[in-house]
There are 2 protein chains.
Amino acid sequence: MLTTERHEWIMGLLKQRQTVKIAELMEGTGASESTIRRDLTELEAMNLLERIHGGATIRDRNIQELSVSDKSVKNEQEKQRIAAHAAGLVEEGEFIFLDAGTTTFRMIPFLAGKETVVVTNGLTHVDALIDHGITTYLTGGCIKGKTRALVGPQATGALSEYRFDRCFLGANGFDPEYGYTTPDPEEAAVKKLAASLARRAYVVADHSKAGKVSFTKVLPLAGAALITDSLDGAMMDAVENETTVKVVTE
Amino acid sequence: MLTTERHEWIMGLLKQRQTVKIAELMEGTGASESTIRRDLTELEAMNLLERIHGGATIRDRNIQELSVSDKSVKNEQEKQRIAAHAAGLVEEGEFIFLDAGTTTFRMIPFLAGKETVVVTNGLTHVDALIDHGITTYLTGGCIKGKTRALVGPQATGALSEYRFDRCFLGANGFDPEYGYTTPDPEEAAVKKLAASLARRAYVVADHSKAGKVSFTKVLPLAGAALITDSLDGAMMDAVENETTVKVVTE
DNA sequence: TCATAATCGTTCACAAACAATCAAAAACAG
DNA sequence: CTGTTTTTGATTGTTTGTGAACGATTATGA
């Protein structure tokens, strides 16, 4: 077995199981303990994993979970329902802004055949939009690595040339006091601007975002209607006091 | 077994399995270790694979998909040479415009590690650029279905905010009389503008484009230097009379 | 806290893979 | 057919990856 092969094999197992033992790797690859140990040292140097006593683990579990692919399996059903409802609001011939993010992404199939024009800053959205025959415009800008969102002055500049009927945003957290929040200031700027350019703004976010507060404030709750899947009583009251809420149940 | 045959055989196996061992290749082709080793060195120089201790692996998956499509390895090699030469012109820290299109796409691996900033209107380029760690900006605009190029007033508007050190364009034809031509007027407008914003403009086009004339004129030959692989005598004279030509031979 | 066992990093010797060189064989041109 | 070029395979010494050994370090349970 080639060194590189072994490295890939290790990383593959690591992604499946989050942590691996050296004994497992020895058995799986047929290499000796020394070799595995060396491999782990190298992979750690490349920042691909973190060594722990007896094995290794994924370097940054948070980042791992935040990556688009993993996120998209989590709360899939809820997201589908939220997306379906949000897309249902869109009427024939409207001009829509679709934020980057997984929940807004799920809206795309439900938008098919509506003759809408969609502007998005989400690179990952483009393929799906085109495939569903939706006329699509992309904002320009710098590409943010993880989320594949287009941000920066080029993005906001391009955006400000448009006016929208509706604007659908994602958010990492919503909270009665702090409003809608997201980790990245540049993305927040785009969201904020998009909301201001639309007649109606919506935030789509599943219940796991309730009460979460992230680094940058996008809007106060009053700045956009919220579409979510389920809220407990106290949160529901607090949020409903600030903005329009649509709870999408089964 | 002919050298080229062997090369194709190697690339074929490589596409099936991701990585190959030298021993496998020796057995499969019947050639000696030295010969295989030479082959791998050459194929690596053409950027078709990456050598690793004990064998070789595919350099990047995008190029793999491209060469799978329908081009023979031999044709591929010529295009690779054009791309390699074009990218070789780029110096550390420069600002580059990279047009949508397959030949410009092939330049991307050769740009890696140059600390350049690339602006592109090619959606398909983005993934590869990011993968190679290149700072990338995307022009905005409407997405043209087939070529996935960003065009329209949004694209030209975004573009006009930039200035470039070098600009690399594709073209569907070049001709002494009609200049560089391309089928789509909107794409032509983007190309034209990009060229005007760059200190130096280049068109990359293989010999099959020589003498071809398409619907829309992008530039006269004098508007950009031409990088191509081989031209017959008459064409060479005619073209050289109009612009700088670099013929990339082996 | 101490003892024990598992895990760790380091070192060394060996085997595999490597680049470089050279001469023979094949392909080619005149 | 002869001289030249290209391709090939063997040989060389060098580099790199590997596995075993050993003492040092860390976890764990009495």
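All chains are named by letter (A, B, ...) in the order of the sequence lines, taking the proteins before the strands, and each is independently numbered beginning at 1.
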Main-chain N/O of [Y] paired to [X] side chain as donor or acceptor, under 3.5 Å:
| X | Y | result |
| --- | --- | --- |
| B:Glu242 | B:Leu221 | no |
| B:Lys191 | B:Leu169 | no |
| B:Thr244 | B:Ala225 | no |
| A:Asn121 | A:Ala100 | yes |
| A:Thr228 | A:Ala205 | yes |

[X] [atom1] - [N] [atom2] separation (whole Å):
| X | N | atom1 | atom2 | value |
| --- | --- | --- | --- | --- |
| B:Leu40 | C:dC18 | CG | P | 8 Å |
| B:Lys21 | D:dG17 | NZ | P | 16 Å |
| A:Ile36 | D:dA20 | CD1 | C1' | 15 Å |
| B:Glu24 | C:dA16 | CD | P | 17 Å |
| B:Asp39 | D:dG9 | CG | C1' | 13 Å |
| A:Glu5 | D:dT18 | CD | P | 11 Å |
| A:Met26 | D:dA20 | CE | C1' | 11 Å |

Next on the checklist: Please determine whether a side-chain nitrogen or oxygen atom of A:Ser32 lies at a distance below 4.0 Å from atom OP1 or OP2 of D:dT18.
Outcome noted: no
Next on the checklist: Categorize A:Ile52 for me: base, sugar-phosphate, or nothing, with a 4.0 angstrom heavy-atom threshold over every strand shown.
Outcome noted: sugar-phosphate
Checklist entry - Would you call A:Glu186-A:Lys144 a salt bridge at under 4.0 Å N-O? => result no
Item to check | Pair B:Lys21 + A:Glu5, salt bridge at N-O below 4.0 Å | outcome: yes
Using atom names, set out every protein N or O paired with an N or O of nucleotides 9-12 of chain C below 3.5 Å, distance rounded to 0.1 Å.
from: C:dG9; atom 1: OP2; to: A:Arg51; atom 2: NH1; distance (Å): 3.0
from: C:dG9; atom 1: OP2; to: A:Arg51; atom 2: NH2; distance (Å): 3.2

Next on the checklist: From the set D:dG19, D:dT7, D:dA10, return the single nucleotide nearest to any side-chain atom of B:Thr3.
Outcome noted: D:dT7
Item to check | A:Leu231 vs A:Phe174, side chain to side chain contact (heavy atoms under 4.5 Å, CB included): CA-CA, chis, key distance, verdict | outcome: CA-CA 12 Å; A:Leu231 296 177; A:Phe174 60 90; 3.9 Å; yes
Item to check | Parallel, tilted or perpendicular: ring planes of B:Phe97 versus B:Phe164, cut at 30 and 60 degrees | outcome: tilted
Distances under 3.5 Å between protein N/O atoms and the N/O atoms of nucleotides 26-30 of chain D, please, pair by pair.
none

